[in-house]
*Asks:* 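Encoded as structure tokens, here's the structure I'll be asking about.
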Amino acid sequence: MEKKYRVGIVGGTGMVGQRFATLLEHHPWFTVTAIAASGRSAGKTYGQAVEGRWMMERPVPQNMKDLVVKDAQDVEAMKREVDFVFCAVDMKKEEIRQLEEAYAKAEVPVVSNNSAHRGTPDVPMVIPEINPEHTGVIPAQRRRLGTERGFIAVKSNCSLQSYVPAIHPLLQYGVTDVLACTYQAISGAGKNFATWPEMVDNVNPFIPGEEEKSEQEPLKIWGTVQDGQIVPATGINITSQCLRVPVSDGHMAAVFVRCRQKPTMEQILQAWQSYQGLPQQLGLPSAPKQFLHYFTEPDRPQTKLDRELEKGMAVCMGRLRPDTQYDYKFVCLSHNTLRGAAGGAVLLAELLCAQNYI
């Protein structure tokens with residue numbers, strides 16, 4: 001792609017915003033030209049704003065550290081400097097809805113890491129390898145908003161991006177029931193062990209709102225675009241439990257699945273091995289070459305060993321075996337701040353550019 005895009009990060013000082021910064025530092029299509037955050041950080045350079053709170057292993061990007069942080073509420077100031085924005089603000093849900101719509105109505109496309117618009121029927125919630133056709137709802141959203149360029153697209157919840165990709169190739173066998181127990185890293189809460197020492201040697205069995213997202217969002221991902229909105233899929237029952245575990249990065253899931261037409265284990269393995277999505281076909285910059293990886297070793301995937309596979313953009317599976325109550329059970333793993341958050345949003349933006357929505 002020859003065109004270069006000017007990109008803004010709204011909410012650039014938090015953990016996901018920092019991850020966006022590191023991922024975009026050398027991106028072949030996108031150049032960060034503006035960063036916005038709360039009024040507390042506005043007016044400081046990005047380097048000053050994140051001093052003492054930088055959570056990434058890599059240092060603050062040199063090409064961003066001297067950018068003067070803008071107020072996230074100053075939509076007009078951001079509009080002058082960007083072609084689109086990534087949004088990762090930490091605000092109340094209704095405030096996020098209003099802010100993202102303000103950017104879209106100002107003709108600034110928004111690719112969001114937030115959950116505020118995931119339930120909006122004409123906002124596509126996309127895992128690019130699974131439901132890229134859902135971006136086709138954007139013209140209807142633009143009509144509602146009264147825009148020509150502006151729109152909102154979102155990525156899904158980070159935890160379900162470990163197991164939904166593994167289940168997706170099995171839909172051909174009529175998946176009816178899914179049980180998923182997720183074991184989620186503390187970075188999913190925007191924390192590390194320095195800022196959340198209570199999680200050392202601890203497991204927290206409650207993550208507010210997470211189980212509801214895990215049970216509802218896959219149905220939208222597997223839904224269809226009808227009459228200008230996304231209609232969730234029916235006929236698949238999902239139940240989940242979500243636990244916070246003392247891991248820095250990487251969400252793991254223990255998955256149980258039942259199908260109308262029970263496949264063989266060989267058919268499942270072949271479905272995983274052969275699966276390719278549109279990002280692989282298009283050769284998008286952030287797309288993993290192999291989306292789904294299956295480990296034959298009985299003790300893999302492991303969070304520490306495998307979360308960085310394909311720069312953290314692959315999904316790992318292992319321990320496929322028959323179950324006494326469901327048809328099969330297996331485990332899954334994905335990097336929650338790469339595939340599950342900023343990396344997934346960057347890949348979504350690449351898809352939207354390739355489809356000429358941005």
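All values below come from the heavy atoms of this structure, side chains included, with hydrogens, waters and symmetry mates left out.
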*Asks:* Does the pair Arg258/Asp327 count as a salt bridge with the N-to-O cut at 4.0 Å?
*Replies:*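 So Arg258 does not pair with Asp327 through a salt bridge.
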
*Asks:* Flag the pair Glu217 and Lys155 as a salt bridge only when some basic side-chain nitrogen lies within less than 4.0 angstrom of an acidic carboxylate oxygen.
*Replies:* no

*Asks:* Has the side chain of Glu25 got a donor or acceptor atom that lies under 3.5 Å from a matching backbone atom of Pro61?
*Replies:*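 Flag not set: sc Glu25 to bb Pro61 has no pair under 3.5 Å.
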
*Asks:* For Arg244 and Ile207, indicate whether the former's side chain and the latter's backbone hold a donor-acceptor pair under 3.5 Å.
*Replies:*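 Flag not set: sc Arg244 to bb Ile207 has no pair under 3.5 Å.
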
*Asks:* Check the angle between the aromatic planes of Trp29 and His27 and answer parallel, tilted or perpendicular using the 30° and 60° thresholds.
*Replies:*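 Plane angle over 60°, so perpendicular.
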
*Asks:* Do any N or O atoms from the side chain of Tyr103 and from the backbone of Lys79 form a donor-acceptor pair under 3.5 angstrom?
*Replies:* no

*Asks:* Once you round to the nearest 0.5 Å, how far does CG of Leu24 lie from OG of Ser286?
*Replies:* 8.0 Å

*Asks:* Would you say the side-chain atoms of His134 pair up with the backbone N or O of Gly223, donor to acceptor, closer than 3.5 Å?
*Replies:* yes

*Asks:* Any Lys/Arg nitrogen of Arg97 or Glu94 sitting under 4.0 Å from an Asp/Glu carboxylate oxygen of the other?
*Replies:*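 Result for this pair is yes, salt bridge flagged.
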
*Asks:* Does NZ or CZ of Lys105 come closer than 6.0 Å to the centre of the six-membered ring of Phe151, within 45° of the ring's axis?
*Replies:* no

*Asks:* Please check if the side chain of Glu107 supplies one atom and the backbone of Arg149 the other of a donor-acceptor pair under 3.5 Å.
*Replies:*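 Yes, the answer is positive, given that a donor and an acceptor are paired below the 3.5 Å cut-off.
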
*Asks:* Check Arg339 with Glu129, please: is the shortest side-chain N to carboxylate O separation under 4.0 Å?
*Replies:*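 Looking at Arg339 together with Glu129, the answer is yes, because their closest N to O distance falls below 4.0 Å.
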
*Asks:* Do side-chain atoms of Arg118 reach the backbone of Val123 as a donor and acceptor pair under 3.5 angstrom?
*Replies:*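 Not at all, since once roles are kept as given, no pair shorter than 3.5 Å links the two residues.
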
*Asks:* So if I apply the ring pair (Phe, Tyr, Trp, His ring centres under 6.0 Å) rule between His168 and each of Trp272, Phe291, Tyr173, Tyr275, which one comes out positive?
*Replies:*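 With His168 as partner, Trp272, Phe291, Tyr173, Tyr275 yield a single ring pair (Phe, Tyr, Trp, His ring centres under 6.0 Å), made by Tyr275.
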
*Asks:* Could you tell me which non-hydrogen atom of Asn336 sits nearest to which non-hydrogen atom of Ala185, and how far apart they are?
*Replies:*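 Reported closest heavy-atom pair: OD1-CB, 3.9 Å.
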
